[in-house]
Amino acid sequence: MQIPLLDLKKQYDEIKDEIQEAINDVLESTRYVLGEHVQKLEEEIADYTGTKYGIGVASGTDALLLSLHALDIGPGDEVIVPTFTFFATAGVVSRLGATPVFADIDPFSYNITPEEIEDKITDKTKAVIPVHLYGQPAEMDKIMDIAKNYNLKVVEDACQAIGAEYKETKVGNFGDATALSFFPSKNLGGYGDGGMILTNNRDLADRLKSLRVHGAEPKYFHKEVGYNSRLDAIQAAILRVKLKYLDEWTKGRQRVAKTYDKLFKENGLDQKIVLPRKKVEDSTHVYHQYVIRVENRDKLQKHLQEKSISTAIYYPEPLHLQECYQDLGYNEGDLTVAEKACEEVLALPIDPKLNEEQIKYITDKFLKVL
Ligand SMILES: *Cc1c(COP(=O)(O)O)cnc(C)c1O
């Protein structure tokens, strides 16, 4: 049995006709950048998340970058980010000439903790980027309280968490702006790069729309220096088709996660591995990844690979210890929870269509090694 992390080919085969029709529609229209499909997608995703404005951009990374830019983050500013996340969360801070300040995480949710945020605040701190890692919302109530007290901007990194709810409100409604990614392997993935910014702030939305077209408003008249960061019409048309299936796919991921939980517990394996845990009771986890922790992770991964079970390590190195951030002066031992997580986390196959038999095949292999 061959089990990939995610089976995008199978997903494509199921919606092929609709996708090809959507692509064809764009090809015939000759409107390939922005345009009607992008505008409709922006409205549909704003609707879906309960936010007011969606601004389609070239990637999730750009969604973060333009958001910080529109919030006037620049040289001399500090932005607090978790050290345990995809690199883009911190990279965008550096690209604006500001300094990422790394914070440690909760050992069970893997999200940045409110306590760590407060601990890292200085008089240069201008913003914080909570990441809803693996699809589980960060503790937004406490984070927003801290932001209010210290007058900080908040950009939610929801690149892994579209549709996740924190206390019955979808992510995207807490911070000043929120970044979504449509990278192919994300919960809502296109067939190339793409991203979107969500905001409930009209002025910010207007500025972001100008920033993505070189700061022009109207065309050829530049208020400020911006970017070329637009969503392609083909991606938007594809994403509009896929958005209709997102809830169904999310339910599939949640079902897979529940089945792993059940089988691991039935076999007593929850004594040997740390299962994903919900931090806030009335929140939902959309399981972009199902991530466990285990000692001797590398040995286990190798064994699973030999049995044709794909797994992945998100992430093998915390950001504060990355080579490109050596000059920031962090050392091993500075952010210990994240450092330990890097050695122990393992993401298991999470395709929404995995069946119980396949999941049992996977958990049986765990039994053999542990
Ligand atoms: C994927 C991802 C990004 C970047 O998105 P791209 O579309 O690949 O640029 C940023 N942050 C997190 C947490 C991500 O998972």
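Whatever order the structure lists them in is the order used to number ligands and atoms, beginning at 1. Each residue takes its place number in the sequence, starting with 1.
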When rounded to the nearest 0.5 angstrom, what distance separates [atom1] in [X] from [atom2] in [Y]?
| X | Y | atom1 | atom2 | result |
| --- | --- | --- | --- | --- |
| R240 | I45 | CZ | CD1 | 10.5 Å |
| M144 | D176 | CE | CG | 6.5 Å |
| I359 | F264 | CD1 | CZ | 9.5 Å |

N/O of [X] under 3.5 Å from N/O of ligand 1, yes or no?
| X | value |
| --- | --- |
| A88 | no |
| D62 | no |
| Q160 | yes |
| T85 | no |
| S181 | yes |

List ligand 1 atoms under 4.0 Å from V131, heavy atoms only on the residue side.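 Numbered from 1, ligand 1 contributes 13 (C).
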Using a 4.0 Å cut-off to any heavy atom of D157, which atoms of ligand 1 qualify? 10 (C), 11 (N), 12 (C), 13 (C)
Do any heavy atoms of H288 fall under 4.0 Å from ligand 1?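 No heavy atom of H288 comes that close to ligand 1.
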Report the nearest protein non-hydrogen atom to atom 9 (O) of ligand 1: residue, atom name, distance rounded to 0.1 Å. T61 OG1, 2.5 Å
Tell me which protein heavy atom sits closest to atom 1 (C) of ligand 1, plus the residue, atom name and distance to 0.1 Å.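 Closest protein heavy atom to atom 1 (C) of ligand 1: K186 NZ, 1.5 Å.
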Row check, Y48 ring normal vs K170 NZ/CZ: under 6.0 Å, within 45°: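 That pair qualifies as a cation-pi contact.
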Does E78 form a side-chain hydrogen bond (donor to acceptor under 3.5 Å, both in side chains) with T122? I'd like the steps, not just the answer. CA-CA 8 Å; E78 291 179 354; T122 72; 2.7 Å; yes
Give a yes or no on whether a salt bridge exists between K368 and D364, defined as a side-chain N under 4.0 angstrom from a carboxylate O. no
Taking the side chain as every heavy atom from C-beta outward, state whether N200 and F174 have any pair of such atoms under 4.5 Å apart. no
